[in-house]
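Below, chains carry the letters A, B, ... as their sequence lines are ordered, and counting in each starts from 1. Side-chain atoms are counted along with the backbone in the values below, which use heavy atoms only and exclude waters and symmetry mates.
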Number of protein chains: 2
Amino acid sequence: MAEFQRRKGSETRDLILSFAESAVLEKGFGGTSIDELIAAVGITKSGFFYHFKDKNELAKALLQQYLDREEELFDRLFERADDLNDDPLHGFLVFLKLLAEILSDLPKTHPGCLVSAFCYQDQLFSSEIRELNAAGVLRWRQRFLERLELIARHYPPKIKVDMSDLADMVTGIIEGGIVISRSVRDKDVLPQQVLLFRRFVRSVFLGN
Amino acid sequence: MAEFQRRKGSETRDLILSFAESAVLEKGFGGTSIDELIAAVGITKSGFFYHFKDKNELAKALLQQYLDREEELFDRLFERADDLNDDPLHGFLVFLKLLAEILSDLPKTHPGCLVSAFCYQDQLFSSEIRELNAAGVLRWRQRFLERLELIARHYPPKIKVDMSDLADMVTGIIEGGIVISRSVRDKDVLPQQVLLFRRFVRSVFLGN
DNA sequence: AGCATTGGTGTACCTGTGGTACAGTAACCA
DNA sequence: TGGTTACTGTACCACAGGTACACCAATGCT
């Protein structure tokens, strides 16, 4: 007996993470039970605790994976955008357009952002996770700020804005757009917000 | 024995709602236990279920109260703003400034928005609550859209933008700003984002 | 061929949480 | 005096998060 599937281990772990991510984005972390995850993956509770020592470890792995994937996505998009155009401003504008296209091509409304989800349940987690979350947002700020400062050196802003705030606005517009899209169940709001932000960037640096 | 405090009933209910709101914004709905609420309020479990037939009823009351309070706040701010200035554009700009000031004067980072919090745990709730949530966001869209269309009739936009998207951007910038502020523990990000959006509105209608 | 490592299972047990059911009761209001 | 309001108290249930082990089977290394 006991003919359980033998998997590569990391495969099982990834399966848990994958089910957990969508469950957490739909029901919150506190509303997601370990029992439902092991039922979905097809392992026992002991199996779960073999991979994660407790629920907090699951949360950490979830967030870390999410941040890594986002970092990769932004890398890829910036690369593609700058490939098409080596002017920093137009590269950024292409980046925003590519981002809007990807969001628009999604089959359903955006599944949600773990950073937002976690910041609305942060007292459930260890301070380590809260710091990881903050570091993720600061990383985005840094990334966009660097690009904006580069742009500003070539295109003196027509409108006086703080570049740090404008960098945060990229993150904010996405987080806010996701919330609206999810809430009203209209997947197009998010890409529209990105494109509207793009108009703002144009008007800041080009004045139209 | 049994000398329990006799309260007005609605007072106890309000107390539960008040504790519940901050708990839900910190730990999520699924992470907030009825037990901790009754301990904070000083009643028994039976007492809780006297006021709310189940946890879902608590969520509904929480969200309804939140939406009502926000509606009132926006009413008040628009009234104050238009009192100072009866031009629709400048009234709106004053509104945004007043909003930024209020957010800036908050002693700590913004406690969070229940609409955002709920949309990241919406599978925990009945469809009635999800609809209430969507209606809240649509209400904001309508309110800001009406104002923007009024402005557009007096100030032909210098930048071609969809007014409906711009209306959603008010909501989005606030939701996004709250997430960033909470995440990086910097209460100033939110008011800065509101002011940056204000710059955008100016540039749309005044071109500077 | 032997042995450790990896990736689990199974059993038992404990606490806390959401929820149901229902009887009782003290205070207030007409 | 009697009904309504606002609870308390008791008992019970299933599920959730853990903890603590002992056990086992397939894989990989030597």
Side-chain angles (χ1 to χ4, degrees), chain A residues 1-24 26-62 118 121-126 128-129, chain B residues 1-24 26-62 118 121-126 128-129:
Chain A
M1 54 174 166
E3 298 191 20
F4 56 89
Q5 243 84 42
R6 179 151 186 102
R7 272 183 290 230
K8 265 186 82 188
S10 61
E11 270 175 35
T12 303
R13 205 184 125 96
D14 287 349
L15 254 181
I16 297 172
L17 286 172
S18 153
F19 278 110
E21 184 170 320
S22 50
V24 166
E26 282 175 5
K27 292 177 293 193
F29 190 73
T32 298
S33 71
I34 294 176
D35 280 9
E36 75 181 276
L37 298 178
I38 64 180
V41 176
I43 53 169
T44 62
K45 208 156 167 174
S46 320
F48 175 88
F49 286 108
Y50 171 77
H51 290 288
F52 304 98
K53 80 169 211 278
D54 55 25
K55 228 186 163 191
N56 193 69
E57 283 293 304
L58 171 67
K60 205 170 95 189
L62 231 35
F118 273 37
Q121 353 195 357
D122 61 355
Q123 291 309 308
L124 247 42
F125 308 120
S126 66
E128 193 190 354
I129 292 186
Chain B
M1 56 174 168
E3 298 190 23
F4 58 87
Q5 243 86 38
R6 181 156 185 99
R7 273 184 289 230
K8 268 184 78 186
S10 61
E11 269 176 34
T12 302
R13 204 184 126 98
D14 288 348
L15 255 181
I16 297 173
L17 286 172
S18 153
F19 279 110
E21 183 171 322
S22 49
V24 166
E26 281 175 4
K27 291 177 294 191
F29 190 73
T32 299
S33 71
I34 295 177
D35 280 9
E36 75 179 277
L37 297 177
I38 64 179
V41 176
I43 54 168
T44 62
K45 207 155 166 175
S46 319
F48 175 87
F49 286 107
Y50 172 76
H51 290 289
F52 305 98
K53 79 169 211 278
D54 55 25
K55 229 187 163 191
N56 193 70
E57 282 293 305
L58 171 67
K60 203 170 95 188
L62 231 35
F118 274 38
Q121 357 198 348
D122 61 355
Q123 291 309 306
L124 246 42
F125 309 120
S126 66
E128 192 189 354
I129 292 186

For atom [atom1] of [X] and atom [atom2] of [N], their distance in whole Å:
X: A:L37; N: C:dG8; atom1: CG; atom2: P; answer: 15 Å
X: B:D54; N: C:dA21; atom1: CG; atom2: C1'; answer: 15 Å
X: A:F48; N: D:dT19; atom1: CZ; atom2: C1'; answer: 14 Å
X: B:I16; N: D:dA6; atom1: CD1; atom2: P; answer: 12 Å
X: B:K27; N: C:dG16; atom1: NZ; atom2: C1'; answer: 13 Å
X: B:I43; N: D:dT5; atom1: CD1; atom2: C1'; answer: 14 Å
X: B:I38; N: C:dG19; atom1: CD1; atom2: C1'; answer: 12 Å

Task: Short side-chain N/O contact from B:H51 to OP1 or OP2 of D:dC7, under 4.0 Å - done: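 Yes, within the criterion.
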
Open item on the list: With a 4.0 Å cutoff (strictly under), does any side-chain N or O of B:Y50 reach OP1 or OP2 of D:dC7?
Closed with: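 Result: no.
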
Task: B:T44 side chain, from C-beta outward: closest of D:dT8, C:dG8, D:dG18 - done: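 The nucleotide sitting nearest to the side chain is D:dT8.
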
Open item on the list: Looking only at the side chain of B:S46 (C-beta and beyond, no hydrogens), which of the listed nucleotides C:dG10, D:dG9, C:dG7 gets closest?
Closed with: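 In terms of side-chain proximity for B:S46, the closest of C:dG10, D:dG9, C:dG7 is D:dG9.
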
Show me the protein contacts with nucleotides 14-17 of chain D, counting only N or O atoms at under 3.5 Å.
unit_1, atom_1, unit_2, atom_2, d
D:dA16, OP2, A:D35, OD2, 2.8
D:dG17, OP1, A:T32, O, 3.3
D:dG17, OP1, A:I34, N, 3.1
D:dG17, OP1, A:K55, NZ, 3.4
D:dG17, OP2, A:I34, N, 2.8
D:dG17, N7, A:K45, NZ, 2.9

Task: Non-hydrogen side-chain atoms of A:F52 and A:K60 separated by less than 4.5 Å - done: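 No; the side chains remain at least 4.5 Å from each other.
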
Open item on the list: I'd like to check A:L58 versus A:F48 (side-chain heavy atoms, cut-off strictly below 4.5 Å). Are they in contact?
Closed with: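 Side-chain contact under 4.5 Å: yes.
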
Open item on the list: A:N56: which residues meet the side chain to side chain donor-acceptor pair (under 3.5 Å) condition with it, sequence neighbours left out?
Closed with: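 Listed in chain order: A:S126.
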
Open item on the list: Test of understanding: with side chain to side chain donor-acceptor pair (under 3.5 Å), list the residues that count as partners of A:K27, not counting sequence neighbours.
Closed with: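 In terms of side chain to side chain donor-acceptor pair (under 3.5 Å), with neighbours along the sequence ignored, A:K27 is linked to A:E36.
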
What's the separation between atom [atom1] in [X] and atom [atom2] in [Y], rounded to the nearest 0.5 Å?
X: A:R13; Y: A:I43; atom1: CZ; atom2: CD1; value: 11.5 Å
X: A:E57; Y: A:I129; atom1: CD; atom2: CD1; value: 8.0 Å
X: A:I38; Y: A:T12; atom1: CD1; atom2: OG1; value: 13.0 Å

